[in-house]
Number of protein chains: 2
Amino acid sequence: MSSTPQRKATDAGPGTPKTARGARTRARILKAAEEAFGTLGYYRAGITDITRGAGVAQGTFYCYFTGKEETLRELVRDMGHKVRAHLARHVDGAQDRLDAEARGLRAFLGYVTENPWMYRVLQEAQFVDEEIYQEYYEAFGDAYATLLADAVSRGEVRPGDNRVRAWALMGMSHFLGMRYGLWQSDVSPDDVVAAVDDMLRLGLAPQPRSDDKP
Amino acid sequence: MSSTPQRKATDAGPGTPKTARGARTRARILKAAEEAFGTLGYYRAGITDITRGAGVAQGTFYCYFTGKEETLRELVRDMGHKVRAHLARHVDGAQDRLDAEARGLRAFLGYVTENPWMYRVLQEAQFVDEEIYQEYYEAFGDAYATLLADAVSRGEVRPGDNRVRAWALMGMSHFLGMRYGLWQSDVSPDDVVAAVDDMLRLGLAPQPRSDDKP
DNA sequence: CCACAATATGACAACTGATTCACCTTTCTG
DNA sequence: CAGAAAGGTGAATCAGTTGTCATATTGTGG
């Protein structure tokens, strides 16, 4: 049972490209890997699928990567950046945190439909290199919890365990993205967001809460 | 690109056991498969790992299963039943739906910590046979949405899109189970449930909602 | 206690797919 | 333009798997 003997967090592969051409080739390989992993799945995708997609020979792959795993790790890192950037861009003009939540979810649903591969690749990382998968969500969760805490201090959100809330919210987005962004579009993204927004603002309980303990 | 050529929903393998002994062996293999998939992951686990764990020879595996995939499908089906049964048992005496939600989440967190493999196996099914994974959650979501609709008609929950809510709630449980049940226990299950219960009852918005549009 | 049907065995053939490596091509530099 | 360094090639190698099959064991009804 040899878990994962080698590997540093920052291994850039055997040959970091020294010229623009090399960098382009490396990028092509990475893009092809994303497509191959996304459509075939990590394990079903072979190096041949990647190199064929990139239009290079097998050997070229090993000029830039030590193996399949490293490729996946790099993709996961990229995706983290891209998703964050996308969300940040769309949440920008929000009035308050609840508004930001709605916009964020909307943006996420859109991102998922436009980048269906991202989803699969990220999820599959869970079984290839659990650590990097954890890092991804832990980082996301930290940032999220901080945003909520700020909102609490601004009086936009009631106090509560923001870390737990963050994970709950990430889970919601994850499942809604999968179901309504990836699998079926039987409910429009805006309707999904509306339902969630309502739930997040008011909760599910019916009574107008005035009886706060006498 | 040959996706999935054969396979019926109800293929019981080449030899359904005819005696009690055979049934026992089959069950042992299934249990060993769960452990192997859970600890090593589906693709890393070989038939040898399974048969070794079950204490039988390689060939015996093929007396009861056509291959690895069939084993996984069967496990996923089992897990669906077991999780449901567990939740049903623990939600039983609930006062209302919101109470049931809290109890359900609590039970789920407990189940995850006690059956860490279930989690991995189920999630990995997503990449081995996406259809069965979808079925699992679609069935769960349907049942969930119905429960919510009933609660609405009983006046325990405000009206809204119950299907979307169901997926949101499943996502929450999923992520909270992963983070607080599987990865780290830095927050007690009861505290997790409390935070979520609060959010589900009252939402995140601070104002006591009396201003329902004049 | 015998015969036969279900079970179980494990060596092995056939195959898959990752990685290596000796060699070729392109590009840049002095 | 010569030479070197970076980039690129793909056939060959190598490790590990799956699934088969001829054979052995178990145990049960007659």
Side-chain angles (χ1 to χ4, degrees), chain A residues 1-2 4-7 11-33 36-37 39-74 124 127-129, chain B residues 1-2 4-7 11-33 36-37 40-73 124 127-129:
Chain A
M1 211 171 283
S2 63
T4 43
Q6 36 19 318
R7 168 162 52 89
D11 55 359
T16 303
K18 321 249 167 159
T19 67
R21 177 162 71 122
R24 268 197 308 275
T25 304
R26 202 189 121 101
R28 278 222 317 283
I29 292 175
L30 216 45
K31 181 152 211 104
F37 293 163
T39 53
L40 266 40
Y42 177 82
Y43 285 100
R44 280 192 264 267
I47 302 292
T48 49
D49 296 303
I50 297 174
T51 52
R52 195 183 323 120
V56 298
Q58 250 110 293
T60 309
F61 178 88
Y62 294 94
C63 293
Y64 300 105
F65 301 96
T66 45
K68 242 165 92 171
E69 274 204 31
E70 198 205 324
T71 315
L72 186 73
R73 277 194 292 274
E74 183 127 355
E124 215 159 4
F127 306 108
V128 180
D129 183 344
Chain B
M1 210 168 285
S2 61
T4 45
Q6 37 17 322
R7 170 163 49 93
D11 56 359
T16 303
K18 321 244 166 164
T19 67
R21 177 162 71 120
R24 266 197 309 274
T25 304
R26 203 188 119 101
R28 279 223 314 286
I29 292 174
L30 217 45
K31 181 150 211 107
F37 294 163
L40 266 40
Y42 177 81
Y43 285 100
R44 279 192 264 267
I47 303 292
T48 47
D49 296 303
I50 298 174
T51 52
R52 196 183 324 120
V56 298
Q58 249 108 294
T60 310
F61 178 87
Y62 295 95
C63 295
Y64 300 105
F65 301 96
T66 46
K68 243 165 89 170
E69 273 204 33
E70 199 205 324
T71 315
L72 186 72
R73 277 195 291 275
E124 217 160 4
F127 307 107
V128 179
D129 183 343

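Since the model is a prediction, treat every value here as computed from it, not as a measurement. Scope of the values below: all heavy atoms of this structure, side chains included, with no hydrogens, waters or symmetry mates. Throughout, a chain's letter reflects where its sequence line sits, starting with A, and its residues are numbered from 1.
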Have a look at [X] and say if it touches a base, only the backbone sugar-phosphate, or nothing, with a 4.0 Å heavy-atom cut-off.
X	answer
A:Thr60	base
A:Ala45	sugar-phosphate
A:Gly22	sugar-phosphate

Check the distance between [N]'s [atom2] and [X]'s [atom1] and give it to me in whole angstrom.
X	N	atom1	atom2	answer
A:Arg21	D:dG7	CZ	C1'	5 Å
A:Arg24	D:dA6	CZ	C1'	13 Å
A:Tyr64	D:dA6	OH	P	11 Å
B:Leu40	D:dG16	CG	P	14 Å
B:Phe65	D:dT17	CZ	P	20 Å
A:Ile29	D:dT9	CD1	C1'	12 Å
B:Arg44	D:dT18	CZ	P	14 Å

Once rounded to the nearest 0.5 Å, what's the spacing between atom [atom1] of [X] and atom [atom2] of [Y]?
X	Y	atom1	atom2	result
A:Tyr42	A:Thr71	OH	OG1	7.0 Å
A:Arg73	A:Thr66	CZ	OG1	6.5 Å
A:Leu30	A:Glu70	CG	CD	9.5 Å
B:Lys18	B:Thr16	NZ	OG1	7.0 Å
A:Gln58	A:Tyr62	CD	OH	8.0 Å
B:Thr60	B:Ile47	OG1	CD1	12.0 Å

Q. Among the nucleotides D:dG8, D:dG7, D:dT18, which one has an atom lying closest to any side-chain atom of B:Tyr62?
A. D:dT18

Q) Should the pair B:Phe127 and A:Phe127 be assigned to parallel (<30°), tilted (30 to 60°) or perpendicular (>60°) ring geometry? A) perpendicular

Q: Please figure out whether A:Gln58 or B:Gln58 has its closest DNA chain D nucleotide nearer the 5' end.
A: A:Gln58

Q. Heavy atom of residues 46-57 of chain B under 4.0 Å from DNA chain D: which residues?
A. B:Gly46, B:Ile47

Q | For chain B, the stretch of DNA chain C it reaches, first to last nucleotide, under 4.0 Å of its heavy atoms | A | C:dA6 to C:dG10

Q: Might you work through the side chain to side chain contact (heavy atoms under 4.5 Å, CB included) test for A:Ile29 and A:Val56, ending with a clear yes or no?
A: CA-CA 8 Å; A:Ile29 292 175; A:Val56 298; 4.3 Å; yes

Q: State, with a plain yes or no, whether a side-chain heavy atom of B:Tyr43 is found less than 4.5 Å away from one of B:Val128.
A: yes

